[in-house]
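First the structure, in the form of structure tokens, and then the observations on it.
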There are 2 protein chains.
Amino acid sequence: MAGRIAAVSIVDAIAADLRTRIFEGDLAPGRTLTEADVASAYEVARPTAKAAIEKIVVEGLLERGAHKTARVVELGPDAVRDVYLARAYLESEVLRRLAGSRTVPQEAAEANGEIADLERGMPLDIVEPDMRFHLSLIDAVGNERISRMYRSLVGEVRLCMVRVQSLELLDTSLIHDEHQRILEHLEAGRADEAAALLDEHLGRARDRLVAAMGESAPARD
Amino acid sequence: MAGRIAAVSIVDAIAADLRTRIFEGDLAPGRTLTEADVASAYEVARPTAKAAIEKIVVEGLLERGAHKTARVVELGPDAVRDVYLARAYLESEVLRRLAGSRTVPQEAAEANGEIADLERGMPLDIVEPDMRFHLSLIDAVGNERISRMYRSLVGEVRLCMVRVQSLELLDTSLIHDEHQRILEHLEAGRADEAAALLDEHLGRARDRLVAAMGESAPARD
DNA sequence: CAAGAAATATTGTCTAGCAAGTACACATGT
DNA sequence: ACATGTGTACTTGCTAGACAATATTTCTTG
């Protein structure tokens with residue numbers, strides 16, 4: 001396996017940790033993060049902290065305007081709809097293409113295997129292999145630009161996944177089964193069926209998440 | 001018209017100028033740009049220059065590895081194919097959606113009007129309105145994430161457009177006509193026809209550009 | 001209580017500099 | 001002559017401290 005080791009810069013390491021803390025809810029939505037906070041927390045100079053914050057801003061997990069303090073994003077129902085719709089745009093086209101060449105990415109199958117092995121009761125553990133399943137489908141097209149486009153969405157996608165699982169809106173086995181059926185469609189070259197199943201797969205997650213959010217907090221942004 | 005003026009940071013201003021110079025060929029593909037070069041050229045501190053360079057790197061117009069000097073990208077035939085394919089993925093889906101709601105973005109029509117008004121003989125003048133035509137279609141969906149995905153591609157798209165026009169591979173009037181017919185399909189709700197025409201529109205540009213590149217420089221990267 | 005003014009916090013940018021990594025020419029040994 | 005090491009110059013990564021410009025909060029005053 002290539003790329004086992006990697007020398008990461010301090011900025012990247014801090015950005016990675018901030019990302020993780022946002023996903024884990026350690027940094028709650030709406031929480032503000034000043035450059036000085038980050039700098040002192042990681043014991044680095046302020047410009048270094050600034051660079052890490054700006055990286056996360058580009059990913060869409062933090063937001064800030066000029067001269068304003070960065071803030072952890074709060075995804076409202078409309079934002080969730082946007083994220084899932086954008087995913088559906090790209091992923092369904094990707095599936096059509098993979099089905100056309102009957103490509104079943106090895107890594108997607110492996111990731112889904114890990115989902116099957118999960119114990120019940122730890123719903124959050126599904127997020128990582130679930131994300132990897134979808135990412136490996138995108139990357140299997142072999143188009144760097146398409147992968148890059150999807151990467152600009154991945155942060156928010158993951159946030160949505162975490163919320164779906166935290167609220168236990170979807171059963172692990174259902175996710176696994178649908179992934180499996182998608183892979184079977186790819187192998188058989190059934191482009192339309194694969195795309196339709198993906199739409200269903202994403203649509204259900206979206207609808208349940210939006211519904212759950214609508215109850216607790218009314219739509220506004 | 002909103003947003004006429006904007007207070008831009010020094011970093012943004014430098015990034016914008018670098019971008020322009022890359023599009024205009026003032027900074028030729030393959031040319032290296034050190035942080036110190038940029039800093040002294042614009043008379044700013046090196047960290048400021050660094051930030052500007054990093055912005056352009058994420059846009060895909062410059063590339064650099066850790067501890068390596070930034071370099072203006074050279075788009076090979078494979079990269080050009082990737083760019084046009086990625087565009088087609090997103091834009092055709094967008095057109096289907098706009099046709100579904102019979103939406104004809106005002107700004108797209110205006111941009112295409114400007115193309116019609118162009119004199120012959122200044123082929124590069126078409127790039128700006130052409131880009132605006134396609135961008136306004138994307139933005140008309142009203143999905144921030146989809147717009148963001150497309151933005152991550154825009155730099156390279158523009159580079160391709162500049163090359164197509166520099167080599168005079170496409171006639172201005174043909175571009176205008178096809179844009180017009182796309183808008184008519186949208187107005188009439190003909191989703192499949194709009195998407196098919198777009199594929200043709202992009203496919204021809206891609207094929208001619210790739211062919212022209214294949215002659216002068218053999219495909220390798 | 002509301003509006004304005006001062007104080008505070010935060011970001012944008014700068015200067016200066018050291019440490020670490022890279023590249024390229026040169027020298028060395030076989 | 002060729003491969004391998006070595007050294008030097010160049011470039012980037014990061015730090016420290018500082019100041020100006022902009023936001024935000026607090027306080028004062030009508």
Side-chain angles (χ1 to χ4, degrees), chain A residues 2-22 27-74 221, chain B residues 2-22 27-74 221:
Chain A
R4 192 94 59 89
I5 68 168
V8 295
S9 72
I10 295 183
V11 172
D12 287 345
I14 294 176
D17 194 61
L18 287 177
R19 212 177 289 133
T20 303
R21 289 176 63 195
I22 292 172
L27 296 173
R31 157 136 185 205
T32 58
L33 267 187
T34 71
E35 298 179 356
D37 286 345
V38 176
S40 68
Y42 294 95
E43 294 182 311
V44 296
R46 191 160 67 86
T48 308
K50 180 192 185 70
I53 288 175
E54 275 165 0
K55 279 197 117 179
I56 310 281
V57 168
V58 173
E59 292 173 21
L61 294 177
L62 291 176
E63 53 191 0
R64 87 158 149 180
H67 292 277
K68 295 223 185 97
T69 303
R71 180 182 302 272
V72 179
V73 290
E74 302 184 74
D221 80 333
Chain B
R4 190 96 57 90
I5 69 167
V8 294
S9 71
I10 294 182
V11 172
D12 288 344
I14 294 175
D17 194 60
L18 287 177
R19 212 176 290 132
T20 302
R21 289 176 62 195
I22 291 173
L27 297 173
R31 155 135 188 206
T32 58
L33 266 186
T34 71
E35 298 178 355
D37 285 346
V38 175
S40 69
Y42 294 95
E43 295 182 311
V44 296
R46 188 160 65 88
T48 308
K50 178 194 185 70
I53 288 175
E54 275 165 359
K55 280 198 114 175
I56 310 282
V57 167
V58 308
E59 290 174 22
L61 295 177
L62 291 176
E63 53 190 1
R64 89 158 147 181
H67 293 279
K68 295 219 187 102
T69 303
R71 180 181 302 271
V72 179
V73 292
E74 302 184 75
D221 81 335

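Just so it is clear, the structure is predicted and the values come from calculations on it, not from any experiment. Below, all heavy atoms of this structure are taken into account, side chains as well, without hydrogens, waters or symmetry copies. We name chains A, B, ... by the order of the sequence lines, and we start the count at 1 in each one.
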Query raised in the report: Any side-chain N or O of A:Lys50 under 4.0 Å from OP1/OP2 of C:dT11?
Result: no

Report task. Using whole Å, report how far CG of B:Leu33 lies from C1' of D:dT12. Result -> 14 Å

Query raised in the report: Nearest heavy-atom pair of A:Ile53 and A:Leu33: which atoms, and what distance?
Result: CD1-O, 4.1 Å

Query raised in the report: Rounded to whole angstroms, how far apart are CG on B:Leu62 and P on D:dT12?
Result: 12 Å

Query raised in the report: What nucleotide, of C:dT11, D:dC14, C:dT15, holds the atom closest to the side chain of B:Pro47?
Result: C:dT15

Taking only N/O atoms, report every protein-nucleotides 18-20 of chain D pair under 3.5 Å with atom names and distance.
residue: D:dA18; atom: N6; partner: A:Arg46; partner atom: NH2; Å: 3.2

Report summary line: Rounded to whole Å, CD of B:Glu35 lies from P of D:dC14 at a distance of 11 Å

Report task. Sort and list the pairs that fulfil side-chain hydrogen bond (donor to acceptor under 3.5 Å, both in side chains) and have at least one residue in residues 50-64 of chain A, not counting sequence neighbours. Result -> A:Asp12-A:Lys55, A:Arg19-A:Glu59, A:Glu35-A:Lys50, A:Glu35-A:Arg64

Query - With sequence neighbours excluded, residues passing salt bridge (charged side-chain N to carboxylate O under 4.0 Å, His left out) with A:Arg21 - result: A:Asp26

Query raised in the report: Residues two or more places apart in sequence or in another chain: which of them pass side-chain contact (heavy atoms from CB on, under 4.5 Å) with B:Thr20?
Result: B:Glu24

Query - Shortest non-hydrogen contact from B:Ala49 toward B:Ala39 - result: CB-N, 3.6 Å

Report task. Take atom CD1 of A:Ile10 and atom P of C:dG21, then tell me their distance rounded to the nearest Å. Result -> 11 Å

Query raised in the report: Considering residues at least two apart in sequence or located in another chain, which fulfil the side-chain contact (heavy atoms from CB on, under 4.5 Å) criterion with B:Ala45?
Result: B:Pro47, B:Thr48

**Report entry** Side chain of B:Ser9 - closest among D:dT11, C:dT13, D:dC14
**Finding:** C:dT13

Query - Between D:dT12 (P) and A:Asp12 (CG): distance, integer Å - result: 17 Å

Report task. Using a cut-off of strictly less than 4.0 Å between a heavy atom of the residue and any atom of DNA chain D, enumerate the qualifying residues of residues 38-45 of chain A by number. Result -> A:Val44, A:Ala45

Requested in this report: Please tell me if the side chains of B:Val72 and B:Leu62 come closer than 4.5 Å, counting only heavy atoms from C-beta onward.
Outcome: yes

Report task. Looking only at side-chain atoms of B:His67, point me to the closest of D:dC14, C:dT11, D:dT12. Result -> D:dT12

Query raised in the report: Does a side-chain heavy-atom distance below 4.5 Å link A:Ile22 with A:Ile56?
Result: yes

Requested in this report: Apply side-chain contact (heavy atoms from CB on, under 4.5 Å) to B:Thr34 and list each qualifying residue two or more places apart in sequence or on a separate chain.
Outcome: B:Ala36, B:Asp37, B:Thr69

